[in-house]
There are 2 protein chains.
Amino acid sequence: MRSLHHRVDLLRVCAHHVRIHILEELCSGVKCVSDFEEFLQISQPNISQHLNLLRRHGVIDYYNDGRLRCYFLKDPIVPDLLAVLKKDYIEELPAPACCPVTKKGKYPGNRKH
Amino acid sequence: MRSLHHRVDLLRVCAHHVRIHILEELCSGVKCVSDFEEFLQISQPNISQHLNLLRRHGVIDYYNDGRLRCYFLKDPIVPDLLAVLKKDYIEELPAPACCPVTKKGKYPGNRKH
DNA sequence: TAAAAATATTATTATATTTGAATATATTTG
DNA sequence: CAAATATATTCAAATATAATAATATTTTTA
C-alpha cells in the first residue's frame, strides 16, 4: 500500500483543475503538448509546468517523437481515481443512528461526561 | 456528476496529511475533537481548523453532545476515495505500444511532422 | 544552415494555504 | 456561580503554490 505521504502527494498533485483536465484527456490516450493547448485556456509555458509537475510525481511520463513530446499516463491509479470522482451518489452518509444531528446524543465512546 | 470545480475542491480539501488521517479515522465511526488529539501530533486549535475546513466543504459534519463535539463523515465519496488510494497496483501503465519510451515512436495523431 | 515549430526553463510576482499564539465561547460540575 | 473541560475563533507570520513574462533548447524543414 502507498504510504500516507505518497497518498497525500498524489492528491495534492491531482488537486488542480488544469491537471485534472490533463489527466482526464490522457485517459483516452497519448497527447502531445500542443494537443493540450487546444482545450486548456492557458499559456504553453504554464501547460509545460503542469505536465512537469505531474511527471516529477510519477503520475505521467512521455516519449519524444521528433519535436513532439508525447505524454501518457503512468500511475495506474489515475483512471480509478477519476472514476470515483465522477461517480454519482444519491444521498449523504447518514448521521450516526444513535445520536441524530438535530438533538444531543450520547457519545458512543467510553468517556464519562 | 460533480462539476470539475467540485471534484477539484474535494481533492484539495483531502490533500493534506492531517485531514486524510482524520477522514480515515472517521471511516470507522464518530469521533470527538479530543479523540483526534490522541493520534494527531498537532495542537487542538489546529485540529479544529482542519475539522472546520472539512466541514465547510461538506465532507464531514458534527453534532454536539454536551461539551463534546462529535464529527462524522457526510460525503459518501470519502470511503471510496480512500479505498482507491489504498489499493495496490502491481505495475505501471504500459507506455503506448506503438512508441516505446526508450525509442522514438510515431505520434499516433494526424499531424505531419 | 537559417528559420520555424514545439516545448522547456527560469525568475519574478501574485495568491493561497498552513501554522502558531493568544484568546474566546459553551457546557458541565463542584 | 466559579472552576474546569472541550472546543472554536481570530489574526499574523511562515510557507507553498500558481501564473506571468521573458528567454532558451531542440528538432525539423526549406
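The sequence lines fix the lettering, A, B, ..., with proteins before strands; numbering per chain opens at 1. Computed from a predicted structure; not experimentally measured.
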### B/Arg12 CZ - C/dT15 C1' separation (whole Å)
12 Å
### Message
With a 4.0 Å limit, can you tell me whether B/His50 has a side-chain N or O closer than that to the phosphate oxygens OP1/OP2 of C/dT19?
### Response
yes
### Task
Specify the separation, in whole Å, of atom CD of A/Gln41 and atom P of D/dT20.
13 Å
### Task
Would you kindly give the CG-to-P distance between B/Asp65 and D/dA6, to the nearest whole Å?
12 Å
### Message
The criterion is salt bridge (charged side-chain N to carboxylate O under 4.0 Å, His left out); which residues satisfy it with A/Arg2, sequence neighbours excluded?
### Response
A/Asp75
### Query
How many Å lie between CG on A/Leu53 and P on D/dA18, as a whole number?
7 Å
### With sequence neighbours excluded, residues passing salt bridge (charged side-chain N to carboxylate O under 4.0 Å, His left out) with B/Arg7
A/Glu24
### Task
Verify the distance criterion only: is there a donor paired with an acceptor across the side chains of A/Asn46 and A/Gln49 at less than 3.5 Å?
yes
### Query
From D/dT7, D/dA18, D/dT28, pick the nucleotide closest to the side chain of A/Arg67?
D/dT28
### Task
Can you figure out which of C/dT17, D/dA19, C/dA4 approaches the side chain of A/His17 most closely?
D/dA19
### Nearest-Å distance for atom pair CG/C1', residues B/Leu68 and C/dT25
15 Å
### Query
Within a strict 4.5 Å, meaning less than it, do heavy atoms of the A/Asp80 and B/Tyr89 side chains meet?
yes
#### Entry: Any A/His16 side-chain N or O less than 4.0 Å from OP1/OP2 of D/dA19
yes
### Query
Are B/Leu51 and B/Phe36 close enough that some pair of their side-chain heavy atoms sits under 4.5 Å apart?
yes
### Message
Rounding to an integer number of Å, can you tell me how far B/Glu37 CD sits from D/dT7 P?
### Response
7 Å
### Message
Strictly distance-based, threshold 3.5 Å: is any side-chain N or O of A/Asp88 a donor or acceptor partner for the main-chain N or O of B/Met1?
### Response
yes
### Message
Rounding to an integer number of Å, can you tell me how far A/Ile42 CD1 sits from C/dT7 P?
### Response
14 Å
### Task
Whole angstrom is fine here: how far is it from CG in B/Leu11 over to C1' in D/dT17?
16 Å
### Message
Could you tell me if the side chain of B/Asp35 sits less than 4.5 Å from the side chain of B/Glu25, heavy atoms only?
### Response
no
### Message
So, does A/Ser34 get its side chain near the phosphate of C/dT7, meaning an N or O under 4.0 Å from OP1 or OP2?
### Response
yes
Enumerate all atom pairs, one protein N or O and one N or O from nucleotides 8-12 of chain D, separated by less than 3.5 Å.
from	atom 1	to	atom 2	distance (Å)
D/dA8	OP1	B/Arg69	NH1	3.3
D/dA8	OP1	B/Tyr71	OH	2.5
D/dA8	OP2	B/Ser48	OG	2.3
D/dA8	N7	B/Gln44	NE2	2.8
D/dA8	N6	B/Gln44	OE1	3.4
D/dT10	O4	B/Gln49	NE2	3.0

### Query
Within less than 4.0 Å of OP1 or OP2 of D/dA19, is there a side-chain N or O belonging to A/Ser43?
no
#### Entry: Per B/Arg19 side chain, nearest of listed nucleotides C/dT18, C/dT27, C/dT19
C/dT18
### Mate of D/dA6 where both pairing distances stay under 3.5 Å, Watson-Crick or G-U
C/dT25
